[in-house]
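Quick notes on the structure that follows.
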4 protein chains.
Amino acid sequence: MEGGKFHRKTFDRIDPERRAMILRVAMTEFASKGFAATGINDLARKAGISIGSLYSYFASKEDLYLAVIDMGSDTLERELSEIDPSAGFFSCLEALVRKARHAADRYPELNQIYLDSTTQGLSALAARLSNRLEAVTAKLYRRLFAAGQASGELRPDIDPGYAAFCLDNLIVMLQFSYSSDYYRDRMRIMVGVGDGEEVDEDKLVSCVLAMARGAFGAFR
Amino acid sequence: MEGGKFHRKTFDRIDPERRAMILRVAMTEFASKGFAATGINDLARKAGISIGSLYSYFASKEDLYLAVIDMGSDTLERELSEIDPSAGFFSCLEALVRKARHAADRYPELNQIYLDSTTQGLSALAARLSNRLEAVTAKLYRRLFAAGQASGELRPDIDPGYAAFCLDNLIVMLQFSYSSDYYRDRMRIMVGVGDGEEVDEDKLVSCVLAMARGAFGAFR
Amino acid sequence: MEGGKFHRKTFDRIDPERRAMILRVAMTEFASKGFAATGINDLARKAGISIGSLYSYFASKEDLYLAVIDMGSDTLERELSEIDPSAGFFSCLEALVRKARHAADRYPELNQIYLDSTTQGLSALAARLSNRLEAVTAKLYRRLFAAGQASGELRPDIDPGYAAFCLDNLIVMLQFSYSSDYYRDRMRIMVGVGDGEEVDEDKLVSCVLAMARGAFGAFR
Amino acid sequence: MEGGKFHRKTFDRIDPERRAMILRVAMTEFASKGFAATGINDLARKAGISIGSLYSYFASKEDLYLAVIDMGSDTLERELSEIDPSAGFFSCLEALVRKARHAADRYPELNQIYLDSTTQGLSALAARLSNRLEAVTAKLYRRLFAAGQASGELRPDIDPGYAAFCLDNLIVMLQFSYSSDYYRDRMRIMVGVGDGEEVDEDKLVSCVLAMARGAFGAFR
DNA sequence: CATGAATGAGTATTCATTCAT
DNA sequence: AATGAATGAATACTCATTCAT
């Protein structure tokens, strides 16, 4: 599935390194400061390009922001495509949770921007993305649940949509909790770890899997 | 538990109606536009007070924002205090989920602002709140889990912190899904309801409860 | 000679201590921050009185400022009245220089405000003072020079006005040099004292007197 | 000696006429209203440039102010460099006094701003200038006194620093007296000229020179 | 294609003054 | 007489975007 096109033709024609650099700097800036507080002039300077160039690549600050998110969606899609539904539901789910956990480490900025973009103030902006990300994820869950119920691994009476929604909620929050300062603090408080301690990642993953298995797993 | 004090003394002294009006307008503005995009001058005009007055009540835009969130924490605390831990774990949990669901309808703006405040760009700001909200919630979960394990309603081998964290993740996302445009769209896509359809709230609550029961409930 | 009246009648009627406190705080504030940068509300708070009271004593910030300067003129007048012209010109001049030197220490704020008020930006304001201070000083010089020339201590061919102007220039700058940060630094640089050293006050006074004696003293 | 750099690089790159115009307008505004009462937006409008441009040339109002003073220091330095110490002390001194007198006419605004900047309220600001102006002047005096004492024109027992300080005090006040409204009035009162009359400039210069000659000149 | 100077509406915040209590 | 809440024009400064070179 092709992402929206938020950049101008010129952006396709320039040196890939320059292209990557611009997106990387934009990602870092938007991630740490948010859409509204990020300055385009400052961003251009940090990327080592002129304001004029930036505006020849992107029609507006908004478009640049969306382009960054779109790139993030590509990344997600690539990661998800590695999941093989034929490997069994819970095996896939565990892979998914682990992937989410690692994505938070590898692309914290993408997660932070994603969080930023879900904000009510940016809803008009986000509408232009037409929920591409969730569409991709939803599709994967559909296939996983279909296969799981077909194979008898999952109970036949559960509604895949509602189950997928709840599962993904856990996964999204897990990702936020490992990539944003706010949710990290929240996690530590909820889990109840002290100042020196660390949250036990395996316990977390087990808990998520246990919830899925308990609610959706067959014969119990 | 007393909230931080983000307003000036003068704010305590004015007409309660005026006070409520200011907070209400501020809540609406911050909720719909986000912290950065909300203008103080505009806000004052909408509240029908002068800029000077607003600044005599709050030292800065930041303080006003925090005051609004703090008021929201009061509201949450009040709601949570109605939960009676002696009523049994799953009964309480269901009450909690229902409460969250209704809070999203009754105070959508509070939820939107909460979401906004968890954004990375506002992490410095949010730090001043010292996670009061999560502390309150965490405390409730502690009591619920302790009572549940004591009564034998819950398995003795689960770690209450991790369980609470996962449960609250579900509840938080439920609230976002019913109060923010972005997460509502996401929910509809994940659940897979069509254009005319509505998400079935009871199914959602059941799903959350089933996940909790399956993972944490005793003898199964 | 009566000073202008820059306060309202109410100010005459209040407790003298309150009166003195207000003027003292005003003096300190205006001296350190200058007219424009001094805030009336802040000043009132520091003086422990209400803004309303302050405005019942003085019609405007401007009037308060002028009242402070006027009080300073009283002080100067009192000091100058101690000079006895019959004691001989150079003896009086030395007394005058010493007085100036000590006034800089005792009333640094008055000097700083005086300097501030001579600024071009405040010329309209200062016009309301009608140069009361200089009139007082000029009158003293007239008497000193008249007595000095009558007694033969001073050369008969010097023009008292020009001589007085030059002498007073030296004295004014001496006062600035001991009461304002800027002119203190300037003095140290011009005199050429090092970091640990102090400017030798006696040398300074001698130098001023030598210049007067050399130019205006009879036979030599 | 190079002045501090208070402008941004962009200011070096623009049309010299534009540059001069901006500084000229800034000089006029700051001179007549003082630092605090001068508005940047107003100033930009008067200079015929946009606020944004002004801020692309100078980082702050403070910097613009200092840039104007710095330009004034250049002017002073240029003027002082015309004095030839080998021409004899008193000849140089007379040239210096005449120069000061004419500088007051040619650059009244610079003098007014200089006066403004010596104000206690601007001492923090002025500190950034590190007394460049006085350093230049002091250096010239050092050379003049050294030459004068070497040639026997001056008494060997006078301390050049103290003498220079007193002399420069006379010169500074002379300049103020011919460039600021306040000090002009003061001069007229001290000298004692009537309403139609003018202060006799030659008498003034003679008086200053007489004071120098009487105190510092050899044999007499 | 690239540049970066120029723009000016918009921002949060201050402050002298008024006036109802 | 004393208070201090209320006012709103004014302030210094920012920033997304344009466009001439």
Side-chain angles (χ1 to χ4, degrees), chain A residues 8-11 13-15 18 36-45 48-64, chain B residues 8-11 13-15 18 36-45 48-64, chain C residues 8-11 13-15 18 35-45 49-64, chain D residues 8-11 13-15 18 36-45 48-64:
Chain A
R8 292 178 158 157
K9 279 166 301 180
T10 49
F11 193 57
R13 291 199 277 264
I14 62 171
D15 179 27
R18 186 178 169 95
T38 294
I40 279 292
N41 296 29
D42 188 41
L43 195 157
R45 202 168 33 72
I49 64 167
S50 71
I51 305 162
S53 287
L54 193 53
Y55 270 87
S56 80
Y57 303 147
F58 300 95
S60 64
K61 179 181 173 180
E62 196 171 303
D63 278 18
L64 173 55
Chain B
R8 292 180 157 158
K9 277 166 301 179
T10 48
F11 193 57
R13 291 198 280 260
I14 63 173
D15 180 26
R18 187 179 168 95
T38 295
I40 279 292
N41 296 22
D42 189 42
L43 195 158
R45 202 169 35 72
I49 64 168
S50 72
I51 302 161
S53 285
L54 191 53
Y55 271 89
S56 81
Y57 302 146
F58 300 94
S60 63
K61 177 181 172 179
E62 194 171 305
D63 278 19
L64 174 55
Chain C
R8 289 176 158 161
K9 279 166 301 178
T10 49
F11 193 57
R13 290 199 278 265
I14 62 170
D15 179 26
R18 187 178 169 95
F35 176 77
T38 294
I40 279 292
N41 297 28
D42 188 43
L43 194 157
R45 203 169 33 72
I49 64 167
S50 71
I51 305 162
S53 286
L54 192 53
Y55 270 87
S56 80
Y57 303 148
F58 300 95
S60 64
K61 179 181 173 179
E62 194 170 304
D63 278 19
L64 173 56
Chain D
R8 291 179 157 159
K9 278 167 300 181
T10 47
F11 193 57
R13 291 199 279 261
I14 63 173
D15 180 26
R18 187 178 169 95
T38 294
I40 280 291
N41 295 23
D42 189 41
L43 195 157
R45 202 169 34 72
I49 64 168
S50 71
I51 301 162
S53 286
L54 191 52
Y55 271 90
S56 81
Y57 303 147
F58 300 94
S60 64
K61 178 180 171 180
E62 195 171 303
D63 278 18
L64 173 55

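Chain naming here is simple, since letters A, B, ... match the order of the sequence lines and numbering starts at 1 in each.
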Donor-acceptor pair between D/Arg13 and D/Tyr57 side chains, under 3.5 angstrom: no
With no hydrogens and no angle check, do the side chains of B/Ser56 and B/Ser53 hold a donor and an acceptor under 3.5 Å apart? no
Indicate, with a heavy-atom threshold strictly under 4.0 Å, whether A/Ser53 touches base, sugar-phosphate, or nothing.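 Since a base atom lies under 4.0 Å of A/Ser53, the category is base.
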Which part of the nucleic acid, if any, lies within reach of B/Gly39 when heavy atoms closer than 4.0 Å are counted: base, sugar-phosphate only, or nothing?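 It contacts sugar-phosphate atoms only.
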Would you kindly give the [atom1]-to-[atom2] distance between [X] and [N], to the nearest whole Å?
X	N	atom1	atom2	value
A/Arg8	E/dA2	CZ	C1'	14 Å
D/Lys9	E/dA6	NZ	C1'	17 Å
A/Asp63	F/dA16	CG	P	14 Å
D/Ile51	E/dA5	CD1	C1'	16 Å
D/Leu54	E/dA5	CG	P	15 Å
B/Glu62	E/dA12	CD	P	12 Å
C/Asp15	F/dA1	CG	P	15 Å
C/Lys61	E/dT17	NZ	P	8 Å

Does E/dT14 have a Watson-Crick or wobble mate here (both distances under 3.5 Å), and if so which one? F/dA9
F/dA1 pairs with, by Watson-Crick or G-U criteria that keep both distances under 3.5 Å: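 Answer to the pairing question: none, since F/dA1 forms no Watson-Crick or G-U pair.
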Picking from [options], which would you name as closest to the side chain of [X]?
X	options	value
B/Tyr55	F/dA6, E/dT14, F/dC13	E/dT14
D/Ile14	F/dG4, F/dT17, E/dA5	E/dA5
A/Ile40	F/dT17, F/dT14, F/dA2	F/dT17
A/Asn41	E/dT17, F/dT17, E/dT13	F/dT17
A/Ser56	F/dT17, E/dA2, F/dA5	E/dA2
B/Tyr57	F/dA5, E/dT3, E/dA6	F/dA5

Locate the shortest heavy-atom distance separating C/Ala36 from D/Ala36; write the atom from each residue and the value. CB-CB, 3.3 Å
Testing the basics here: between B/Lys61 and B/Tyr55, what is the closest heavy-atom pair and its distance to 0.1 Å?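 Distance-wise, the nearest heavy atoms are N-OH, 4.2 Å.
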Tell me which of D/Gly52 and D/Thr38 sits closer to the 5' end of DNA chain F, going by the nucleotide each one is nearest to. D/Thr38
Check: B/Arg45 side chain, B/Ile51 main-chain N or O, donor-acceptor pair, under 3.5 Å: no
Find which nucleotide of DNA chain E each of B/Ala37 and D/Ile49 is nearest to by heavy atoms, and output the residue with the more 5' nucleotide.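 It is D/Ile49, whose closest nucleotide lies nearer the 5' terminus.
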Could you tell me whether the side chain of A/Asn41 reaches within less than 4.5 Å of the side chain of A/Leu54, counting heavy atoms only? no
Is D/Arg18 close enough to E/dA6 that one of its side-chain N or O atoms is under 4.0 Å from OP1 or OP2 there? yes
